[in-house]
Visitor: 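Right, I'll just put the structure down here and ask away after.
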Amino acid sequence: MQKFTITIHGGAGTILKQDMTSELENLYLAALQQAQDAGYTILENGGTAIDAVVASVISLENNVLFNAGKGSVFTKKGEHEMDASVMEGKNLYAGAVAGVNNIRNPIELALAVMHHSNHVFLSGQGAVDFAMQQKIALMPDSYFFSQFRYEQWKAVRDSDTYMLDHNNIESESLMKDKKFGTVGAAACDKFGNLAAATSTGGMTNKQYNRIGDTPVIGSGTYANNNTCAISCTGHGEMFIRAVAAYDVSCLMEYKGLSLKEAMNIVVNDKLKKIDGEGGMIGVDTAGNFAMIFNSEGMYRGVKNSDGINEVAIYR
Ligand code: ASP
């Protein structure tokens with residue numbers, strides 16, 4: 001029988017147990033479990049991988065703990081600009097949006113681009129206009145306000161520093177203590193079809209109109225039924241330069257590596273060599289999964305038809 005699997009992430013980085021209260025840890029673990037269950041239920045009921053990854057990502061986007069949708073970080077202008085993408089492995093269909101604001105669930109908009117436009121990638125006002133046309137839910141700025149991320153931004157807004165989500169603002173070197181709060185999911189359904197989805201608010205105090213790896217097909221997200229489905233989180237600039245997600249697929253397709261072997265090379269060798277901190281999650285067509293990161297921690301989880309059901313944060 002075809003094994004079905006969903007794996008999710010809520011960002012990677014310097015996530016240390018000593019910096020976490022047990023209350024907060026429980027909130028994170030519960031949020032991950034809820035998101036994972038949302039996708040898994042769809043797979044269990046015979047739904048598709050694409051529906052499952054979108055459901056999991058929506059659940060994470062709606063949770064202020066993560067830097068995507070509701071919990072998105074502030075840009076240099078004190079606004080929110082979100083990026084998201086989705087890809088389906090059986091036909092290589094993809095949809096992506098960059099630099100959108102006021103969209104409740106950017107992943108829904110990426111999916112609408114995939115299904116209902118003649119394009120793959122929309123940005124800025126054009127993407128928001130398309131959202132209105134498609135009756136995608138919009139929210140006022142106040143919906144995206146969170147005190148915690150506002151404080152983060154206030155600490156650096158008068159500088160040229162841009163911070164990775166959840167940076168410790170007490171930290172002497174803002175770039176030293178890195179956490180990335182992007183969210184994503186990758187799934188293999190009962191029919192052996194793969195899909196991946198990723199969504200983010202980017203980086204605190206980022207230059208306005210800066211675009212990271214998350215919406216870039218092949219860098220932050222990739223799915224191909226011949227190989228794997230991958231969703232990344234980390235320092236986006238490096239993931240773009242490494243073409244990280246697609247490189248895993250290439251290593252599998254052209255070199256015959258397993259998902260784990262390929263991901264390990266990209267995360268622990270290629271990305272590390274260019275200071276690309278972060279990680280990724282993935283599944284292959286047999287429903288095998290991998291969750292690999294070169295940072296201290298990564299919010300993550302996996303659930304499959306073999307009875308595996310885990311959520312984790314630290315190494
Ligand atoms: N990769 C995202 C970006 O660079 C950040 C993250 O993963 O948290 O926009």
Side-chain angles (χ1 to χ4, degrees), residues 8-15 28 32 57 60-61 63-76 79-86 96-101 106-107 110 121 123 146 148-149 152-153 161-168 174-175 177-186 196-222 230-248 266-267 271 274-282 291-300 313:
I8 61 164
H9 71 77
T14 316
I15 306 162
Y28 272 112
L32 290 168
V57 167
L60 295 163
E61 281 179 338
N63 192 316
V64 74
L65 289 175
F66 302 100
N67 170 23
K70 183 166 177 50
S72 291
V73 297
F74 289 84
T75 68
K76 181 114 195 108
E79 295 169 347
H80 304 282
E81 289 177 0
M82 299 171 283
D83 302 334
S85 67
V86 65
V97 292
V100 297
N101 46 36
I107 202 67
F121 204 165
S123 75
S146 61
F148 164 68
R149 293 209 162 78
Q152 257 182 0
W153 173 63
T161 306
Y162 64 104
M163 272 166 72
L164 302 154
D165 181 45
H166 300 315
N167 267 5
N168 179 357
L174 289 167
M175 294 303 289
D177 189 18
K178 299 174 195 141
K179 292 180 187 142
F180 313 84
T182 293
V183 307
T198 317
S199 179
T200 191
M203 291 157 91
T204 297
N205 212 34
K206 66 184 179 183
Q207 167 73 12
Y208 60 93
N209 293 170
R210 174 263 187 191
I211 298 168
D213 61 312
T214 301
V216 180
I217 296 300
S219 291
T221 305
Y222 189 70
I230 302 284
S231 171
C232 301
T233 173
H235 198 153
E237 280 67 10
M238 317 315 169
F239 280 69
I240 292 174
R241 287 163 53 198
V243 201
Y246 183 59
D247 201 22
V248 174
V266 175
V267 174
L271 279 163
I274 56 169
D275 274 337
E277 189 184 349
M280 55 174 78
I281 55 164
M291 306 182 284
I292 297 186
F293 49 100
N294 61 31
S295 47
E296 295 290 344
M298 181 166 80
Y299 297 105
R300 63 196 185 278
I313 302 176

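None of the values given here were measured: they were computed from a predicted structure. Read the numbers this way: they start at 1 and go in the same order the structure lists the ligands and their atoms.
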Visitor: Which atoms from ligand 1 have a heavy atom of G181 less than 4.0 Å away?
Guide: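 So the atoms of ligand 1 that pass are 8 (O).
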
Visitor: Does ligand 1 come near enough to D213 that some N or O of the ligand is less than 3.5 Å from an N or O of the residue?
Guide: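 For ligand 1, there is an N or O atom that lies under 3.5 Å from one belonging to D213.
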
Visitor: Backbone or side chain, does any N or O of G202 fall under 3.5 Å from an N or O of ligand 1?
Guide: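 In fact, backbone or side chain, G202 has no N or O that close.
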
Visitor: Do the side chain of R300 and the main chain of I8 share a donor and acceptor less than 3.5 angstrom apart?
Guide: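 Checked: no pair found.
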
Visitor: Counting distance only, does the side-chain N/O of E277 pair as donor-acceptor with the main-chain N or O of H235 below 3.5 Å?
Guide: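 Answer holds: no.
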
Visitor: If every non-hydrogen atom of L271 is compared with every non-hydrogen atom of M238, which pair is closest and at what distance?
Guide: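 Taking L271 first and M238 second, the nearest heavy atoms are CD2-O, 3.8 Å.
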
Visitor: Please state whether G11 comes within less than 4.0 angstrom of ligand 1, counting heavy atoms only.
Guide: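 No; G11 lies far enough from ligand 1 that no heavy-atom distance drops under 4.0 Å.
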
Visitor: Just checking, is any N or O donor in the side chain of S231 or T198 under 3.5 Å from an acceptor N or O on the other one?
Guide: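 S231 vs T198: donor-acceptor pair found between side chains.
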
Visitor: Can you sort out which atoms of ligand 1 are near T214, meaning under 4.0 Å from one of its heavy atoms?
Guide: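 Within the 4.0 Å cut-off of T214, ligand 1 contributes 1 (N), 2 (C).
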
Visitor: For atom 3 (C) of ligand 1, state which one of R210, E237, M280, H235 supplies the nearest heavy atom.
Guide: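 Closest candidate by heavy-atom distance is R210.
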
Visitor: Distance-only, no hydrogens or angles: does the N294 side chain make a donor-acceptor pair with backbone N or O of G276 under 3.5 Å?
Guide: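 Looks like yes, one N/O pair under 3.5 Å.
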
Visitor: Check each atom of ligand 1 against the heavy atoms of T233 and keep those under 4.0 Å away; list them by number with element.
Guide: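 That gives atoms 6 (C), 7 (O), 8 (O) of ligand 1.
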
Visitor: Please identify which of these residues, H80, M203, E81, meets the side-chain contact (heavy atoms from CB on, under 4.5 Å) condition with T75.
Guide: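 Answer after filtering H80, M203, E81: E81.
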
Visitor: Are E237 and R210 within salt-bridge range, i.e. N to O under 4.0 Å?
Guide: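 Counted as a salt bridge, because a side-chain N and a carboxylate O are separated by less than 4.0 Å.
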
Visitor: Return yes or no for this condition: an N or O of D83 is under 3.5 Å from an N or O of ligand 1.
Guide: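 No.
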
Visitor: Check whether any N or O atom of G236, backbone or side chain, sits under 3.5 Å from an N or O atom of ligand 1, and answer yes or no.
Guide: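 Indeed, backbone or side chain, G236 has an N or O that close.
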
Visitor: Ligand 1 and C232, any nitrogen or oxygen pair closer than 3.5 angstrom?
Guide: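 N/O-N/O distance below 3.5 Å does not exist for this pair.
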
